[in-house]
Amino acid sequence: MDLFSERRLDDGVLERELTLGDVPGILWTPASASPSAPVPLILLGHPGGLGRMHARLSARARRSAADGFATATIELPGGGGRPRLPAVDEARADLQRALAAGQPVTDDIVDRLVLPLVEQAVPEWRATLDELLALPEIGGPVGFSGGVVAVGVRLAAVEPRIAAAGLFAGSYVPRSTFDDARRVTIPLHVLLQWDDEGNDRQLALDLFDAFGSSQKTLQANMGGHTGVPPFAGDDAARFFARHLC
């Protein structure tokens, strides 16, 4: 992993761009992080496009830094400047056509859209985690927050270093993700926007029910996909403070 383009933000947070092979990303560390006092880490998921998502990711990172956590993110396969995934692009076009025509989104479309991302992104996240935990200023435990929910569920199911996860219900979920969910036993905080126009609410509720975790919280708020209330971020921060400190 290469770290470069270092800059110190006005609150003391150190922001560094990173690359792992051809995968770009960003690492944020609080001013308190040092080899003598390594800090926990939260991996920040997102829907793709680091450039357009940077402001939102940076805000999440700075809030986490205020709570004493380092955070990191990487670009999704096919996102930003990474090579396109033609099969995923074709599935996305099929999805848009179905929505425009008022037709149901089939399991076949969802599988072709999401599963290639899961299969490629999860190993990339795990390889990135290997490198991040080798840095002297970063220690465990590790959390995962947000992003494409199927990616987060698979990562939580297969990566034993993930101690807690905050997931956003709001992206399409393949049926196979339910099998992954049954294997997840770590503490979970799941955010659901009740009126999310792009989310199958019942599917999100069924997925929550499928998780094998004995500690799982569903926070459902009224409003659409972009109407997440500010206090929801505070609740998520308290969740990670409970389980990563």
Side-chain angles (χ1 to χ4, degrees), residues 1-77 79-82 121-148 151-152 155-156 159 161-168 189 191 228 230 232-245:
M1 182 178 70
D2 294 320
L3 292 168
F4 59 97
S5 187
E6 176 179 307
R7 67 177 183 136
R8 185 73 65 175
L9 305 182
D10 57 10
D11 53 3
V13 174
L14 181 63
E15 179 183 275
R16 288 172 283 179
E17 296 183 24
L18 65 88
T19 57
L20 184 69
D22 63 350
V23 181
I26 307 172
L27 169 64
W28 294 269
T29 48
S32 61
S34 70
S36 61
V39 296
L41 173 68
I42 299 176
L43 305 176
L44 300 181
H46 60 90
L50 276 180
R52 66 181 177 85
M53 291 294 299
H54 180 268
R56 291 170 60 184
L57 288 165
S58 181
R60 290 165 61 190
R62 293 171 80 159
R63 169 58 197 268
S64 296
D67 293 332
F69 301 123
T71 51
T73 192
I74 57 175
E75 183 63 274
L76 268 181
R82 297 190 65 183
V122 169
E124 291 174 351
W125 271 117
R126 300 186 76 181
T128 303
L129 186 55
D130 290 341
E131 299 291 332
L132 292 171
L133 290 179
L135 297 174
E137 69 271 29
I138 295 177
V142 180
F144 182 86
S145 174
V148 176
V151 172
L155 188 61
E159 177 48 73
R161 293 171 293 183
I162 302 294
L167 304 175
F168 300 168
H189 181 92
L191 176 64
V228 180
D234 297 335
D235 292 339
R238 284 191 288 268
F239 165 80
F240 284 115
R242 285 196 304 274
H243 295 289
L244 299 184
C245 290

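The chain is numbered in sequence order, starting from 1. All of these numbers come straight from a predicted model, not from anything done at the bench.
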Non-neighbouring partners of [X] that pass side-chain contact (heavy atoms from CB on, under 4.5 Å), sequence neighbours left out:
| X | result |
| --- | --- |
| A232 | L191, Q219, N221, V228, P229 |
| R16 | L3, E6, L14, L27, T29, E137 |
| V122 | V118, R126, V151, R154, L155, V158 |

So, using side chain to side chain donor-acceptor pair (under 3.5 Å) as the criterion, who are the partners of [X] when residues are at least two apart?
| X | value |
| --- | --- |
| T71 | none |
| S34 | S36 |
| R161 | D130, E159 |

Looking only at heavy atoms, which two atoms of [X] and [Y] are closest? And how far apart?
| X | Y | result |
| --- | --- | --- |
| S145 | R60 | O-NH2, 2.9 Å |
| S58 | L9 | OG-CD1, 4.3 Å |
| A65 | P30 | O-CB, 3.7 Å |
| G68 | V39 | O-CB, 3.4 Å |
| P38 | G139 | CB-N, 3.8 Å |
| V23 | E75 | CG1-O, 4.0 Å |

Who are the ring pair (Phe, Tyr, Trp, His ring centres under 6.0 Å) partners of H46, not counting sequence neighbours?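 Applying ring pair (Phe, Tyr, Trp, His ring centres under 6.0 Å) to H46 gives none.
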Under the rule for ring pair (Phe, Tyr, Trp, His ring centres under 6.0 Å), what residues qualify as partners of F144, not counting sequence neighbours?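 Applying ring pair (Phe, Tyr, Trp, His ring centres under 6.0 Å) to F144 gives W125.
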Evaluate the side chain to side chain contact (heavy atoms under 4.5 Å, CB included) criterion for residues L57 and I26: first the C-alpha distance (whole Å), next the side-chain angles of each, then the deciding distance (0.1 Å), finally the verdict. CA-CA 9 Å; L57 288 165; I26 307 172; 5.7 Å; no
Those residues that, when tested against R8, pass salt bridge (charged side-chain N to carboxylate O under 4.0 Å, His left out) (two or more places apart):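 R8 satisfies salt bridge (charged side-chain N to carboxylate O under 4.0 Å, His left out) with no other residue.
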Which residues pass the salt bridge (charged side-chain N to carboxylate O under 4.0 Å, His left out) test with R62, not counting sequence neighbours?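 Checked R62 against salt bridge (charged side-chain N to carboxylate O under 4.0 Å, His left out); matches are D10, D11.
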Main-chain N/O of R52 paired to R56 side chain as donor or acceptor, under 3.5 Å: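 Judged by distance alone, no pair lies under 3.5 Å.
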Between T73 and L44 (side chain of the first, backbone of the second, donor and acceptor by atom type, cut-off under 3.5 Å), is there such a pair?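 Flag set: sc T73 to bb L44 pair under 3.5 Å.
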Tabulate below the donor-acceptor pairs under 3.5 Å that side-chain atoms of residues 237-245 make, not counting sequence neighbours, or state none.
unit_1	atom_1	unit_2	atom_2	d
R238	NH2	D235	OD1	2.3

I would like to know whether L135 and M1 meet side chain to side chain contact (heavy atoms under 4.5 Å, CB included); could you show each step before the answer? CA-CA 10 Å; L135 297 174; M1 182 178 70; 4.1 Å; yes
Do the side chains of V142 and L133 get nearer than 4.5 Å, heavy atoms only?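 Yes, their side chains come closer than 4.5 Å.
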Side chains of T128 and L43 in contact at under 4.5 Å (non-hydrogen atoms):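 Not touching, per the 4.5 Å side-chain cut-off.
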Restricting to pairs with a member in residues 28-43, which pass salt bridge (charged side-chain N to carboxylate O under 4.0 Å, His left out), not counting sequence neighbours?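 Listed once each, the pairs would be none.
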Worked check of side chain to side chain contact (heavy atoms under 4.5 Å, CB included) between L76 and R82: CA-CA 8 Å; L76 268 181; R82 297 190 65 183; 5.9 Å; no
